[in-house]
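Accompanying notes for the structure given below.
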Amino acid sequence: MRILVFGAGSLGSLIGGLLARAHDVTLVGRDPHMRRVREDGLRIEGAIEAHTHPRALTDGTGERADVAIVTTKTYDTDAAARALATGRYETVISLQNGLTEERLLAALDARVLAGTVTYGARLADPGRVECTGTGEVTIGALSGGQDPEAERVAEAFREADVTAGSATDMPRRRFRKLAVNAGINGPTALADVDNAAVAAGPAGAVAREAACEVATVARAEGVDLSNGDAVAAVERVAETTAANHSSMRQDRAAGRRTEVDAIYGAAIDRGETHDVETPTCRTLAALLRAWERERELRSADDAGVGTRGI
């Protein structure tokens, strides 16, 4: 299978590098990482050891593949969609944080599937990615239900020894993923703590409240996700990735813009649509945006999404 991974940072490089063990894979990312992959291949270390040689590009326009996997930061989704629109793909899958699939669907003439991933990754050096924890990739139809294409792609993942499956309940899984992101990312980034701190200790209370707010929003949208299920998912991920630095904590440490809008903004805005209060998500979003503005990562007039009432 021909597979293009658009957004080959840490997670994209890990997934693409693993898939390259069995498929024709193209990574689209930034130099110097892509340059090193072209010169010496991609080295995967940590929980999984591999050395593969995917094609590596910095320009993803005009490409063709059976499947395109989007792993960019959520604020780069529209740019990714514009680039992908210049090529030809049968299926596009988002493995991003947040709820980005609708934006891809609106921009692309391709089948768009939703996905979740629990593999952990850290870009150690150009050309070298660390697998910080094994997990599973799950793919399914955006609206739920059986989808033969989702199973076909999942089988392609399994052919490369990537644990993967298709699912019929992607609406619930999408919101559960959002609850996990809301529960773990903001508290660990602001407190500068490992994921383990969300499973126990003062940060855990904030994490559980944020997850419950996302679950309440999900139910208002007709998605069956209980508060208990959302909290259990946060605690389970926090425990299995205890030593990991969340993606938002990594962004904060590197002085990069965070995915606050896609994670907390999505919960806040959808909550407002259904008159659901999200005070914990609002507080976390306000603090993260204040940090970004102080470092000029966000302009003074760029409040982001999910800011009505902040």
Side-chain angles (χ1 to χ4, degrees), residues 1-74 76-96 100 104 107-113 115 117 119-132 134-135 137 139 149-150 152-164 247:
M1 182 178 285
R2 292 181 303 166
I3 300 172
L4 180 138
V5 179
F6 199 102
S10 54
L11 178 63
S13 294
L14 175 63
I15 295 299
L18 294 177
L19 289 172
R21 296 185 293 190
H23 301 287
D24 178 1
V25 173
T26 297
L27 303 180
V28 179
R30 296 188 174 95
D31 283 336
H33 181 45
M34 292 296 96
R35 182 170 60 248
R36 182 60 63 84
V37 173
R38 284 194 298 272
E39 294 170 349
D40 191 39
L42 177 66
R43 297 183 182 276
I44 300 172
E45 303 171 348
I48 301 174
E49 300 280 339
H51 185 196
T52 60
H53 296 267
R55 183 168 170 241
L57 306 175
T58 56
D59 182 359
T61 59
E63 294 295 313
R64 295 187 179 191
D66 300 305
V67 175
I69 302 172
V70 182
T71 54
T72 63
K73 291 292 188 180
T74 50
D76 287 329
T77 299
D78 293 335
R82 287 192 296 270
L84 291 171
T86 66
R88 292 184 62 183
Y89 307 94
E90 295 178 14
T91 303
V92 176
I93 303 168
S94 170
L95 293 183
Q96 301 165 281
T100 61
L104 294 171
L108 298 173
D109 184 20
R111 184 172 187 80
V112 175
L113 298 176
V117 57
Y119 279 81
R122 183 181 71 89
L123 194 61
D125 287 301
R128 186 164 65 92
V129 64
E130 179 186 359
C131 177
T132 59
T134 59
V137 176
I139 305 163
E149 178 63 8
R152 184 177 80 93
V153 176
E155 177 58 28
F157 274 77
R158 293 192 291 267
E159 289 171 1
D161 290 328
V162 177
T163 303
S247 60

Is there a donor-acceptor contact under 3.5 Å from the side chain of Tyr89 to the main chain of Leu4?
no
Name the residue from Val153, Val162, Thr163 that meets the side-chain contact (heavy atoms from CB on, under 4.5 Å) definition with Val137.
Val162
So how far is it from Ser247 OG to Lys73 NZ, rounded to the nearest 0.5 Å?
4.5 Å
Let me see the working for Ile48 and Leu18 under side-chain contact (heavy atoms from CB on, under 4.5 Å), right down to the final yes or no.
CA-CA 9 Å; Ile48 301 174; Leu18 294 177; 3.8 Å; yes
Using the rule given for side-chain contact (heavy atoms from CB on, under 4.5 Å), can you reason through Thr71 versus Phe6, listing the C-alpha separation, both sets of side-chain angles and the distance that settles it, and then say yes or no?
CA-CA 6 Å; Thr71 54; Phe6 199 102; over 6 Å; no
Look at Arg152 together with Glu155 and state whether they make a salt bridge at an N to O cut-off of under 4.0 Å.
no
Nearest heavy-atom neighbours spanning Ala154 and Ile139:
N-CD1, 4.1 Å
Counting N and O atoms only, with roles assigned by atom type, does the side chain of Asp66 sit under 3.5 Å from a partner on the main chain of Met1, one being a donor and the other an acceptor?
no
Taking the basic N atoms (NZ, or NE/NH1/NH2) and the acidic carboxylate oxygens, is any pair closer than 4.0 Å for Arg55 and Glu63?
yes
If you look at every heavy atom in Leu123 and Ser10, which pair is closest and at what distance?
N-CB, 3.5 Å
Quick check: do Val129 and Leu42 have side-chain heavy atoms less than 4.5 Å from each other?
yes
Under a 4.5 Å cut-off applied to non-hydrogen side-chain atoms, are Val37 and Pro54 in contact?
yes
Does either side chain, that of Gln96 or that of Thr72, offer a donor lying less than 3.5 Å from an acceptor on the other one?
yes
Would you find a donor on one side and an acceptor on the other, under 3.5 Å apart, between the side chain of Arg128 and the backbone of Asp125?
no
Any donor-acceptor N/O pair, Arg21 side chain to Ala160 backbone, under 3.5 Å
yes
To the nearest 0.5 Å, what is the distance between CG (Leu14) and SG (Cys131)?
5.0 Å
Hey, is Asp31 close enough to Arg38 for a salt bridge, meaning N to O under 4.0 Å?
yes
So, Glu130 and Thr132: side-chain donor and acceptor under 3.5 Å apart, yes or no?
no
Should Leu27 and Met34 count as side-chain neighbours, where that means a heavy-atom distance under 4.5 Å?
yes
Contact summary for Gly46 and Glu49, nearest pair of heavy atoms:
N-OE2, 3.2 Å
Arg111 with Glu90: basic N within carboxylate O range, under 4.0 Å
no
Going by heavy atoms in the side chains, are Val28 and Thr58 under 4.5 Å from each other?
no
Mind checking side chain to side chain contact (heavy atoms under 4.5 Å, CB included) for Ala85 and listing every partner two or more places apart, or none if nothing turns up?
Leu108
If you compare all heavy atoms of Gly17 against all heavy atoms of Ile44, which two are closest, and at what distance to 0.1 Å?
C-CD1, 3.8 Å
Audit row: Val67, Phe157, side-chain contact (heavy atoms from CB on, under 4.5 Å) steps and yes/no:
CA-CA 11 Å; Val67 175; Phe157 274 77; over 6 Å; no
Is there a donor-acceptor pair under 3.5 Å between the side chain of Ser13 and the backbone N or O of Ala8?
yes
Apply side chain to side chain contact (heavy atoms under 4.5 Å, CB included) to Leu11 and list each qualifying residue two or more places apart in sequence or on a separate chain.
Ile15, Val117
Has His33 got a side-chain atom pairing as donor or acceptor with Gly127's backbone, closer than 3.5 angstrom?
yes
Heavy-atom donor-acceptor pair, His23 side chain to Ala156 backbone, under 3.5 Å:
yes
Does His51 reach the main-chain N or O of Asp40 with its side chain, forming a donor-acceptor pair under 3.5 Å?
yes
Do Thr77 and Thr100 have a side chain donor and acceptor closer than 3.5 Å?
no
For Leu104 against Ala81, the heavy-atom pair lying closest together
CD2-CB, 4.1 Å
Quick check: are there more than 12 heavy atoms from other residues, nucleotides or ligands sitting under 6.0 Å from CZ of Arg30?
no
OG1 on Thr52 to CG on Leu19, rounded to 0.5 Å
9.5 Å
Sub-3.5 Å donor-acceptor pair from the side chain of Thr86 to the main-chain atoms of Gly62, do we have one?
yes
Within a strict 4.5 Å, meaning less than it, do heavy atoms of the Ile93 and Thr91 side chains meet?
yes
